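The block underneath contains the structure these notes are about, expressed in structure tokens.
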Amino acid sequence: MADGTAALVQAAPLIAARGLNKIYPTQSGAPVVALQDVSFTLRQGEFVTVVGPSGCGKSTLLKILAGILRRSSGQVTLAGREIDGPSRDVGVVFQAPVLLPWRNVLQNVLLPIDIQRLDRKAHTPRARALLEMVGLAGFADKYPNELSGGMQQRVGITRALVHDPALLLMDEPFGALDAMTREAMNLELLRIWGEARKTVMLVTHSIPEAVFLADRVIVMSPRPGRITEVIEVDLPRPRDLSMINSAGFGAYVAAIRAHFQSLGALDA
Amino acid sequence: MTIPRGRLELLLSILLFVVFVLGWEAACVLLEVPAIVVPAPSAVAVAMYAGLASGELVTHFWVTFAEVLLGFVFGAGAGFVLGVLVGLFPLMERTVYPYIVAFQTLPKVAIAPIIVIWFGYGMESKVVITATIAFFPVLANTIVGLRAIPREQVELMVAFTASRWQVFRMARLPQALPYVFVGLDVAIVLSVIGAIVGEFVGSQAGLGYLILQRNFNLDMAGVFAILIILSLMGIGLHLAVNAVQRRVVFWMASSTDRVMGA
Ligand SMILES: Nc1ncnc2c1ncn2[C@@H]1O[C@H](COP(=O)(O)OP(=O)(O)OP(=O)(O)O)[C@@H](O)[C@H]1O
Ligand SMILES: [Mg+2]
């Protein structure tokens, strides 16, 4: 009996979006349709990536899921409940690092802990361990203006993980990083996801990165932003960098690239 | 052989001062300028020494200094609190703020006599006049500062389930502090003016009172000595505000390396 219930919970999607629309009013008059009729589901424990050309509404989608942006119409549920605000069990990484300049690195990482009135002392070791993981062990006492852009972004990633959220929403988290660091961070993220059974939705500009990380890749079209394709990535896990050279991996990348070309989008 | 640039600049400005004072002294002697028009620096120095030695300047200094500080604290404090209220409640901005601006357009010099009648010839009226002058720069800068927060910062706080109050306390308020200090810096310098204006209108003590008295006696050197003290008071208070600012708004000052060409 117990197994049956567990399976049922497993099967219920963590996020379900149906007919999602977002229209921004603009000062110049003509409203911008950022999202049009977006529907998808995100299963518990799944790793989904989103690719699409610049300005197609990826950040908009993530902000709606994070509960900080109101949708114009449509339905989204998180764990079966309509999203009408942010949730404590979600970790968000923005496209820009958005660190508070008067807090040092460790204090910035502990921001969600402070906001959610959790025990700072109890979470500090975890914060330090995460900082070490992203290669910032010696920087806990530094202030944001003493860090490079890539370092700031890594602080932002650490901050999203510190309260151990079940769902991670990441908007181009590795955009500001060099290729080597980026690969290392990809592997770390996969490790954390695998160990802690989190659900991840990650926006990226890099098609290889999207394929490397994902169970499924959601492909979006330029304005108005729509989901034009969802590609199941059937590559074995755990994955390592050698997979990038495999024929299967290359085929997925080529397929997505071809898809973009057919849409007339220059790059993604 | 190389002298540090800062040292050189200091040396140059001291030299400039010495040349200026000597030139002034020479001009007074050679051109036989009457002392009741422009006093020679030596006469000012003598007046300064006499005033300090007799304690006259010291007593009046403390009166004015206390008026400046008290007026500044009350005025700036009220400006900050009201600025926070206006920043917190948009309704306040639409209902109360227009009246505040209307009050600000009144020249404080014009209402100083009324305040002296209401609060008397003692220190109270000077404190009130100073406070009305110190109030507005802090208020205006606090309001602007509280609005200056980047949208993304609010979004981030909210995404981590911050309440309105938490967003205010943890992001908007610290974000506003550099602006508040700009207001405080303006206010402290204006406070000195406020206290002197108050003393001019009607008083029994203070450096402004002493200026009027010495002016009446055609003691120009004595007046100049007071002006120097007032200027030193202003500089000292300005530096004090800056010192506090560097400690409180440390994240703004710590980028010591300037942008090239900036
Ligand atoms: N606050 C806003 N007001 C008006 N229009 C907006 C606003 N935010 C975004 N837009 C518009 O909505 C569209 C989608 O923006 P969004 O930031 O979601 O794109 P994106 O896919 O994240 O792009 P990028 O890859 O460059 O980050 C864009 O055309 C943009 O101009
Ligand atoms: Mg974006």
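What's counted below: heavy atoms across the whole structure, side chains too, no hydrogens, waters or symmetry copies. Here is how names work: the chains are called A, B, and so on, in the same order as the sequence lines, proteins then strands, and each is numbered from 1. What you see is a predicted model, and the numbers here were worked out from it, not measured in a lab.
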| query | When only pairs under 4.5 Å are counted, which of B:A159, B:P150, B:A162, B:P174 shares the most heavy-atom pairs with chain A? | reply | B:P174
Considering residues, nucleotides and ligands other than [X], do more than 12 of their heavy atoms fall under 6.0 Å from its [atom1]?
X: A:R182; atom1: CZ; result: yes
X: A:R18; atom1: CZ; result: no
X: B:E152; atom1: CD; result: yes
X: A:R197; atom1: CZ; result: yes
X: B:F20; atom1: CZ; result: no
X: B:F200; atom1: CZ; result: yes
X: A:R191; atom1: CZ; result: yes

Sub-4.5 Å side-chain heavy-atom contact between [X] and [Y]:
X: A:V90; Y: B:T161; value: no
X: B:M157; Y: A:L111; value: yes
X: A:R103; Y: B:M170; value: yes

| chain A contact via B:Q166 - which portion, at a heavy-atom distance below 4.5 Å | side chain
| Looking only at heavy atoms, which two atoms of B:W251 and A:N145 are closest? And how far apart? | O-ND2, 3.1 Å
| message | What's the separation between atom OH in A:Y143 and atom CZ in B:F250, rounded to the nearest 0.5 Å? | response |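 Output value for this atom pair is 3.5 Å.
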| task | Could you check A:R88 against B:F160 for side-chain contact (heavy atoms from CB on, under 4.5 Å), going step by step and ending with a plain yes or no? | result | CA-CA 6 Å; A:R88 291 167 68 100; B:F160 287 114; over 6 Å; no
| said: Strictly less than 4.5 Å between heavy atoms, which residues of residues 150-169 of chain A line up against chain B? Please order them by number. | reply: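 Checking residues 150-169 of chain A against chain B gives A:R159, A:A160, A:H163.
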